[in-house]
Amino acid sequence: MTAPLVRELERQNASRRSAAVRRSLDALAQADVRVVVTGQQVGLFLGPAYAFYKAATAIALARRLADAPVVPIFWLQSEDHDADEVAACDVLDEADEPRKVRLEVEGAARASLGERRLGEGVTRALDALAEALGHEPHVDEVMALLAAAYRPEATWVEAFAQAFGAIFDDAGLLLLDPRQDAVAALAAEVQRRAIVDAAALEEAVQVGAAALEARGRVPLVTPRPGCSLGFYHPDGPEGSRYRLVRDGERWRCPGRDGVWTTAALVEELAREPRRFSTSSLLRVVVQDSLLPTAAQVAGPSEAQYLEQMPPLHEAFGLRSPDVVLRGRFVVTDTAARRRLAALGLDATAVGGGPEAILERLASEEPGPNGDEVAARLVEAMGRELDALTPDLQAIDASLAHAVERTRRHVARGAGSLGRRIDRARARRDGVRNERVAWLCRRLAPGGIPQERGLSFVALAARYGIATLREAVAARVEDHLAISNEGRAPGLLEVAL
């Protein structure tokens with residue numbers, strides 16, 4: 001790792017005083033140091049729970065690889081501009097109903113998150129969050145953590161970094177914000193190549209996508225013909241960013257007036273590197289050109305587009321690091337486990353919404369279920385139609401088509417009746433319905449996994465930051481052990 005980057009990491013983590021952070025910073029100066037890197041958008045009030053799981057996985061993996069100095073680093077994705085996507089925090093209110101706390105986004109449209117101030121609205125958002133979580137036993141601890149970081153004058157990145165860093169200080173996790181002058185200067189050569197070698201790099205992206213398609217996979221990031229892999233901020237670093245698109249021998253930004261030569265852009269890059277920022281693919285190249293990356297911890301979607309990276313890495317003279325899937329978890333407590341046991345359900349299988357679970361439970365009850373009733377009706381009617389068909393064809397050959405249409409109508413009607421039977425049987429049991437609805441709100445709110453449907457702070461306010469961190473760390477070890485055996489870990493339960 002270069003001395004300028006080591007100094008910048010020292011600067012960015014200077015306010016963090018723990019011995020573990022100090023050890024990580026000291027390790028950066030060693031010649032054989034490597035890093036395990038992960039990262040995420042800087043969502044409001046720390047975003048969905050899976051960002052926390054990413055960091056926990058990176059920390060545990062760094063410890064496992066520590067035959068030489070290995071440091072966990074969290075890459076703050078501060079260059080992203082889609083603020084509306086991350087401007088909400090999802091929690092559960094006292095009735096276990098989903099509550100979305102939002103912050104009105106300030107600043108120029110399409111400006112990077114690293115350039116945006118939270119503004120006065122964050123005080124109202126904190127009040128709304130405190131009200132929504134007021135029934136939880138550890139709400140005071142969580143709100144103190146957030147209130148210290150989420151101040152009107154802070155940027156989205158500064159607030160996220162302060163709160164997230166405090167959670168992981170004792171684990172030695174370092175934070176890296178690329179939307180800083182020193183990092184942008186170090187990334188300038190990658191940005192220059194993205195402009196002057198745009199055609200060759202576009203071909204490398206196409207090769208990566210084609211290789212993925214040849215294996216029967218759908219590329220998550222599709223090549224954009226004529227586009228650079230980077231973004232340009234024509235009004236300055238704080239302004240909106242636009243994709244650069246080749247227009248003959250020049251470049252333009254769709255949605256923005258102006259035309260630039262390659263030479264003019266390269267000159268601008270040398271003068272003010274922060275006028276340029278990365279796309280998802282180029283971000284990985286910058287990351288691995290600056291850091292001695294041993295492994296990257298990624299979520300399922302990230303892992304898909306990282307499979308496209310080898311040709312692009314090769315074009316920049318880099319080796320693609322190992323990709324390790326982050327831990328995927330669902331947190332339960334005694335009340336949830338009691339209800340799960342009463343229903344014969346597994347916490348990791350709760351998904352798809354109450355209706356789907358009730359139908360599945362109904363299908364497992366003794367006696368004929370909806371599928372069996374439907375099959376009996378179709379079979380009985382089929383026998384009758386088979387017997388009648390010869391006589392009907394003797395009357396008129398065209399009646400054979402009518403017989404087949406009748407078969408299809410009977411099958412559809414019988415299937416519909418079967419589903420209604422299953423739902424009716426399920427709804428007979430009001431207690432079961434209530435248990436299923438309660439479990440879905442807790443473990444799969446809105447029908448999506450808990451780690452995406454709830455924020456970290458929703459879980460921390462219920463169970464406590466330290467308790468949650470320690471329990472997740474233990475399950476991360478199980479996740480990595482399963483991965484090392486070559487098996488897919490899947491969703492794991494964290495029992496609290």
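- Under the 4.0 Å criterion applied to side-chain N and carboxylate O atoms, R475 and D478 are assigned as salt-bridge partners.
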With a cut-off of 3.5 Å and sequence neighbours excluded, list every side-chain donor-acceptor pair involving residues 207-220.
{"from": "R215", "atom 1": "NH2", "to": "E307", "atom 2": "OE1", "distance (Å)": "3.1"}
{"from": "R217", "atom 1": "NH1", "to": "E307", "atom 2": "OE1", "distance (Å)": "3.3"}
{"from": "R217", "atom 1": "NH1", "to": "E307", "atom 2": "OE2", "distance (Å)": "3.1"}
{"from": "R217", "atom 1": "NH2", "to": "E307", "atom 2": "OE2", "distance (Å)": "3.0"}

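- Under the 3.5 Å distance criterion, with hydrogens and angles disregarded, no donor-acceptor pair is assigned to the side chains of S112 and H81.
- Residues Y305 and S280 meet the side-chain proximity criterion, which asks for heavy atoms closer than 4.5 Å.
- One distance of note links CZ of F168 with CZ of R469; it measures 7.5 Å at 0.5 Å rounding.
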Worked verdict on H138 versus T467 for side-chain contact (heavy atoms from CB on, under 4.5 Å):
CA-CA 11 Å; H138 300 278; T467 298; 5.9 Å; no

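- Across every non-hydrogen atom of L9 and I73, the tightest pair is CD1-CD1, 4.3 Å.
- E314 CD: 12 or fewer foreign heavy atoms inside a 6.0 Å radius.
- Scanning both residues, L443 and V331, for their nearest heavy atoms gives CD2-O, 3.5 Å.
- More than 12 heavy atoms of other shown residues, nucleotides or ligands fall within 6.0 angstrom of atom CD in E404.
- Side-chain N or O atoms of H479 include none that pairs as donor or acceptor with a backbone N or O of G490 at under 3.5 Å.
- Side-chain contact check for P72 versus V35: every heavy-atom pair is 4.5 Å or farther apart.
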Begin from the C-alpha positions of R442 and D333 and carry the test salt bridge (charged side-chain N to carboxylate O under 4.0 Å, His left out) through to its verdict.
CA-CA 10 Å; R442 286 284 191 100; D333 53 22; 3.1 Å; yes

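- Panel note: side chain T293, backbone D288; no donor-acceptor pair is recorded below 3.5 Å.
- Heavy-atom minimum distance, V139 versus A130: CG2-O, 4.4 Å.
- Listed for the R419 side chain is no donor-acceptor partner under 3.5 Å among the backbone atoms of D371.
- A donor-acceptor distance shorter than 3.5 angstrom exists from the side chain of Q162 to the backbone of A148, with no hydrogens or angles considered.
- R17 has no carboxylate O lying under 4.0 Å from a charged side-chain N of D170, or vice versa, which leaves the two without a salt bridge.
- A distance of 7.5 Å separates CD1 of I357 from CG of L439, quoted to the nearest 0.5 Å.
- Here the CZ-CG distance, from R383 to L385, works out to 11.0 Å after rounding to the nearest 0.5 Å.
- Between the CZ atom in R435 and the CG atom in L345 there is a gap of 10.5 Å [rounded to 0.5 Å].
- The only member of E158, E106, E153 that meets salt bridge (Lys or Arg N to Asp or Glu O under 4.0 Å) when paired with R117 is E158.
- Rounded to the nearest 0.5 Å, atoms CZ (F160) and CG (L118) are 12.5 Å apart.
- Side-chain contact annotation: R241 with S277, donor-acceptor N/O pair under 3.5 Å present.
- Between K54 and E451, none of the side-chain N atoms (NZ, or NE/NH1/NH2) sits under 4.0 Å from a carboxylate O, so this pair counts as no salt bridge.
- Within the 4.5 Å cutoff, the side chain of I465 has heavy atoms near those of the E141 side chain.
- Using a 4.0 Å cut-off between a side-chain N of Lys or Arg and a carboxylate O of Asp or Glu, R376 and E379 do not qualify as a salt bridge.
- Proximity of D177 to V183: side-chain heavy atoms (C-beta onward) are nowhere separated by under 4.5 Å.
- The minimum heavy-atom distance linking A147 with L126 is given by the pair CA-CD1, 4.2 Å.
- Open room surrounds CE on M381; 12 or fewer heavy atoms of other groups in view lie less than 6.0 Å from it.
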Under the side-chain contact (heavy atoms from CB on, under 4.5 Å) rule, what do Q287 and V37 come out as? Steps first, then yes or no, please.
CA-CA 9 Å; Q287 166 193 291; V37 65; 3.3 Å; yes

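- Salt-bridge formation is not detected for the pair D96/R441: no Lys NZ or Arg NE/NH1/NH2 atom is positioned less than 4.0 Å from an Asp or Glu carboxylate oxygen.
- R337 places a side-chain N or O within donor-acceptor distance of the main-chain N or O of T332, the cut-off being under 3.5 Å.
- Summarising the geometry, atom CG belonging to D84 is positioned 10.5 Å from atom CG belonging to L103; distances are rounded to the nearest 0.5 Å.
- Between L340 and V350 there is a side-chain heavy-atom pair separated by less than 4.5 Å.
- Heavy-atom minimum distance, L133 versus A461: CD1-CB, 4.1 Å.
- Using modelled atom types, one side-chain atom of T57 and one backbone atom of G327 make a donor-acceptor pair closer than 3.5 Å.
- We find that R407 and D386 are joined by a salt bridge, their nearest charged nitrogen and carboxylate oxygen being less than 4.0 Å apart.
- Under the 3.5 Å distance criterion, the side-chain polar atoms of E79 are matched with a main-chain donor or acceptor of T278.
- Closest approach of L491 and V330 over heavy atoms only: CD1-N, 4.0 Å.
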Quick one: do D90 and K100 satisfy salt bridge (charged side-chain N to carboxylate O under 4.0 Å, His left out)? Show the steps, please.
CA-CA 5 Å; D90 294 298; K100 194 178 288 287; 2.7 Å; yes

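- Panel note: side chain R99, backbone C89; no donor-acceptor pair is recorded below 3.5 Å.
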Passes side-chain contact (heavy atoms from CB on, under 4.5 Å), F164 versus V42? Steps please.
CA-CA 10 Å; F164 204 68; V42 288; over 6 Å; no

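- At distances below 3.5 Å, at least one donor-acceptor pair connects side-chain atoms of S289 with backbone N or O atoms of V286.
- Taking the six-membered ring where the residue is Trp, the centroids of F456 and Y53 are separated by 6.0 Å or more.
- For R179 and E115, the salt-bridge test passes: some basic side-chain N is under 4.0 Å from an acidic carboxylate O.
- T348 and E493 share no donor-acceptor pair across their side chains, judged by distance under 3.5 Å alone.
- Under the 4.5 Å side-chain criterion, counting only non-hydrogen atoms from C-beta, F45 is in contact with L129.
- R328 has its side chain out of reach of Y50: every pair of non-hydrogen atoms, C-beta onward, lies at least 4.5 Å apart.
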Let me see the working for V324 and Q296 under side-chain contact (heavy atoms from CB on, under 4.5 Å), right down to the final yes or no.
CA-CA 6 Å; V324 177; Q296 176 163 352; over 6 Å; no

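- At a threshold of 4.5 Å between non-hydrogen side-chain atoms, the residues P48 and S455 do not count as touching.
- Under the 3.5 Å distance criterion, the side-chain polar atoms of S24 are left unmatched by any main-chain donor or acceptor of L173.
- A salt bridge links E477 with R64; the closest basic N to acidic carboxylate O contact falls under 4.0 Å.
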